[in-house]
Amino acid sequence: MGWRCILFAALAWPIVPVAAQETSEVESAYFEGRWSLLDESCDLPTNWTMIAGGNFVSEDLVGRWHLQDSKLVLSLDDLAIDEETGEAGGRFRMDGPVVIVGKNRFDLTIAPDIYQLKRCPE
């Protein structure tokens with residue numbers, strides 16, 4: 001009977017879920033560094049590099065980034081040439097709410113997509 005009491009006591013213990021951190025509580029320095037999509041390797045040239053001061057670099061993208069009203073705002077120039085049309089990429093802006101999942105993980109929602117990013121080691 002003793003083990004049953006311990007089991008029920010353990011089951012009755014309140015479980016506190018780990019909540020995602022509010023973006024408003026995070027400094028912009030959190031985003032500085034190299035990031036990769038969750039299911040990709042950190043060795044790929046398509047990784048995002050967000051540099052202190054707001055510069056953004058990826059394989060075919062350059063531009064600026066900043067936090068504004070709990071949203072990550074990316075103002076980018078696409079440097080790639082379209083293989084079918086031969087046309088150069090253009091300027092575009094992406095912004096969306098951010099959920100900080102952990103010290104080295106965040107999700108960026110740009111409807112209808114959710115970009116799940118992980119920090120790459122330096």
Inset, instruction - Just jot down the side-chain contact (heavy atoms from CB on, under 4.5 Å) partners of Asn104, sequence neighbours excluded, or say none. - result: Arg119

Inset, instruction - Output all residues satisfying side-chain contact (heavy atoms from CB on, under 4.5 Å) with Asp69, sequence neighbours left out; order by chain, then residue number. - result: none

Inset, instruction - For residues Arg105 and Leu38, report the shortest heavy-atom separation together with the two atoms involved. - result: CD-CD1, 3.5 Å

I'd like a table of donor-acceptor pairs (distance under 3.5 Å, sequence neighbours excluded) in which one partner is a side-chain atom from residues 42-50, with atom names and distances.
from  : atom 1 : to    : atom 2 : distance (Å)
Asn47 : OD1    : Ser36 : OG     : 3.3
Asn47 : ND2    : Cys42 : O      : 2.5
Asn47 : ND2    : Leu44 : O      : 2.9

Legend entry - Point-to-point distance, once rounded to the nearest 0.5 Å, from CG of Leu61 to CE of Met94: 7.5 Å

Inset, instruction - Looking only at non-hydrogen atoms, find the nearest pair between Val26 and Leu67 and report the distance. - result: O-CD1, 4.1 Å

Inset, instruction - Kindly indicate whether the side chain of Arg64, heavy atoms from C-beta on, has any atom under 4.5 Å from the side chain of Asn55. - result: yes

Inset, instruction - Kindly indicate, with the supporting measurements, whether the criterion side-chain contact (heavy atoms from CB on, under 4.5 Å) is fulfilled by Leu37 and Leu117. - result: CA-CA 4 Å; Leu37 293 174; Leu117 291 127; 4.2 Å; yes

Legend entry - Thr109 side chain vs Ala111 backbone, donor-acceptor pair below 3.5 Å: no

Legend entry - By side chain to side chain donor-acceptor pair (under 3.5 Å) - contacts of Asp78 (at least two apart): none

Legend entry - Atom pair CZ/OH of Phe106 and Tyr115 - distance to nearest 0.5 Å: 11.5 Å

Legend entry - Set of residues satisfying side-chain contact (heavy atoms from CB on, under 4.5 Å) with respect to Arg93, sequence neighbours excluded: Val73, Ser75, Asp95

Legend entry - CA sep, side-chain torsions, deciding dist, call: Phe31, Leu108, side-chain contact (heavy atoms from CB on, under 4.5 Å): CA-CA 12 Å; Phe31 296 98; Leu108 169 62; over 6 Å; no

Legend entry - Hydrophobic cluster (4.5 angstrom, side-chain heavy atoms) - remaining members for Ile114: none

Inset, instruction - Might you point out which heavy atoms bring Trp65 and Ile51 nearest each other, and give the distance in Å? - result: NE1-O, 3.1 Å

Inset, instruction - Report the C-alpha distance between Phe56 and Val62 in whole Å, list the side-chain angles of each, state the deciding distance to 0.1 Å, and finish with yes or no for side-chain contact (heavy atoms from CB on, under 4.5 Å). - result: CA-CA 5 Å; Phe56 179 101; Val62 295; over 6 Å; no

